[in-house]
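Since we're looking at a predicted model, the values are computed, not measured. Labels below follow one simple rule: chain letters A, B, ... track the order of the sequence lines, proteins then strands, and each chain is numbered from 1.
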Amino acid sequence: MPELPEVETVRQGLADVLEGQRLVAVSARRPDLRFPIPADFQSRITGRRVASVGRRAKFLLIRLDGDLVLLSHLGMSGSFRIFSGEAPPLQPHDHIELQTGAGVTVRYHDPRRFGFVDLSAAEDTSVHPMLAKLGPEPLEANFTGRYLASQLRGRATSVKAAILDQRVVAGMGNIYACESLFRAGISPRRTAATVVGKRAEALVSAIRDVLAQAIGAGGSSLRDHRQPSGELGYFQHRFAVYGCAGQPCPGCTCDLASSGGVRRIVQAGRSTFYCAKRQR
DNA sequence: CCTTCTCCCTGCAAGC
DNA sequence: TGCTTGCAGGGAGAAG
């Protein structure tokens with residue numbers, strides 16, 4: 001499910017119901033997700049008040065009173081749902097449940113269990129092993145064309161693989177990497193080191209634009225992903241290339257036969273979608 | 001260091 | 001219908 005826009009949507013939904021509230025009941029219904037759930041998870045967070053719900057890359061950071069941060073990553077199939085009042089029966093793969101003093105239930109659901117939770121002391125969160133090497137947030141001011149070009153310099157891999165590297169830019173995933181490259185008119189197969197100057201500026205702009213627009217649309221709902229409220233995101237209807245193999249490229253005015261349409265290739269084991277005519 | 005490959009896990013769709 | 005196969009939004013760790 002989740003790339004940066006989806007995680008940001010989840011963050012907003014959780015912030016609405018958790019911030020300022022005390023966690024009056026906590027349960028972990030199995031001992032592990034991708035990694036073991038900390039043994040003292042329940043006892044350490046029960047009774048604490050949520051100060052804020054933040055995000056770094058694709059990680060949620062639920063800051064609790066008393067110098068403690070609950071870190072959460074949704075992996076491929078993780079989702080949070082919020083229920084006010086009486087919650088419906090637990091479903092398979094509902095792994096973690098939080099209840100607030102205001103009677104709200106928050107459930108973490110994750111069929112594939114590639115997600116995880118961890119606890120971190122607040123002053124150590126930025127050096128947590130999962131967060132320490134992350135690159136800049138793509139929507140913040142320090143993510144610039146000059147910075148991106150400096151990171152891609154000397155790299156022989158494809159630009160698409162490079163922007164999926166969380167050390168280069170934090171929070172990019174497969175969908176928005178494809179969509180960003182399409183918008184920038186850059187082939188995903190292009191050698192990373194050749195993305196310099198105006199090309200790098202164009203790519204940074206495209207990344208910022210597509211992520212901001214996706215957040216504005218409530219993220220993308222593929223498969224069963226929803227916002228925590230249960231509402232669907234709708235940015236998936238605006239994909240230009242992702243999942244559109246064989247369809248006409250929305251940027252080409254010529255017919256399908258002469259443009260070739262949207263192609264699917266595999267790079268570093270992940271599907272890439274692009275238009276070979278419009279992206280160079 | 002850089003890059004690619006494999007694996008973790010379940011569910012779904014497509015193909016036979 | 002039922003089985004097999006491939007694929008899926010992520011990322012760690014090993015291997016080259």
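Taking the six-membered ring where the residue is Trp, A:Phe239 and A:Tyr176 present perpendicular rings, their angle passing 60° and hence far from 30°.
Atom CZ of A:Arg199 has 12 or fewer heavy atoms from other residues, nucleotides or ligands within 6.0 Å. By the neighbour-count criterion of 12 heavy atoms within 6.0 Å, atom CD of A:Glu231 is sparsely surrounded, having that number or fewer from other residues, nucleotides or ligands.
Contact annotation: A:His93 side-chain N/O to B:dG11 OP1/OP2 distance is under 4.0 Å. Put simply, A:Thr157 has no side-chain N or O that comes within less than 4.0 Å of OP1 or OP2 on B:dC2. At B:dT3, one or more side-chain N or O atoms of A:Arg155 fall inside 4.0 Å of OP1 or OP2 (strictly under the cut-off). At the phosphate of C:dG10, neither OP1 nor OP2 sits under 4.0 Å from any side-chain N or O atom of A:Gln166. Residue A:His73 places no side-chain N or O under 4.0 Å from the OP1 or OP2 atom of C:dG10.
Residue ring and base: A:Phe114 counts as stacked with C:dG10 (centre distance below 5.5 Å, interplanar angle below 30°).
As judged by a 4.0 angstrom heavy-atom cut-off over every strand, A:Tyr176 is placed among residues making no nucleic acid contact. Within the 4.0 angstrom heavy-atom criterion, only backbone atoms of the sugar-phosphate kind lie near A:Gly173; the bases stay farther away. Residue contacts shown for A:Ala156 are limited to sugar-phosphate atoms, with no base heavy atom under 4.0 Å away.
The side chain of A:Lys58 lies closest to C:dG10 when the candidates are C:dA8, C:dG10, C:dG9. When distances are taken from the side chain of A:Pro111 to each of B:dT10, C:dG10, C:dC7, the shortest belongs to B:dT10.
Distance noted for atom P between C:dC3 and B:dC9: 23 Å (whole Å). Using atom C1' as the reference point in both C:dG9 and B:dT3, the two lie 22 Å apart (nearest Å).
In the interface, the side chain of A:Arg113 is not paired with the base of B:dC9 through any donor and acceptor atom under 3.5 Å apart.
Results of the side chain to side chain donor-acceptor pair (under 3.5 Å) test with A:Asn174 over A:Arg270, A:Lys160, A:Glu3 single out A:Lys160 as the only residue that passes.
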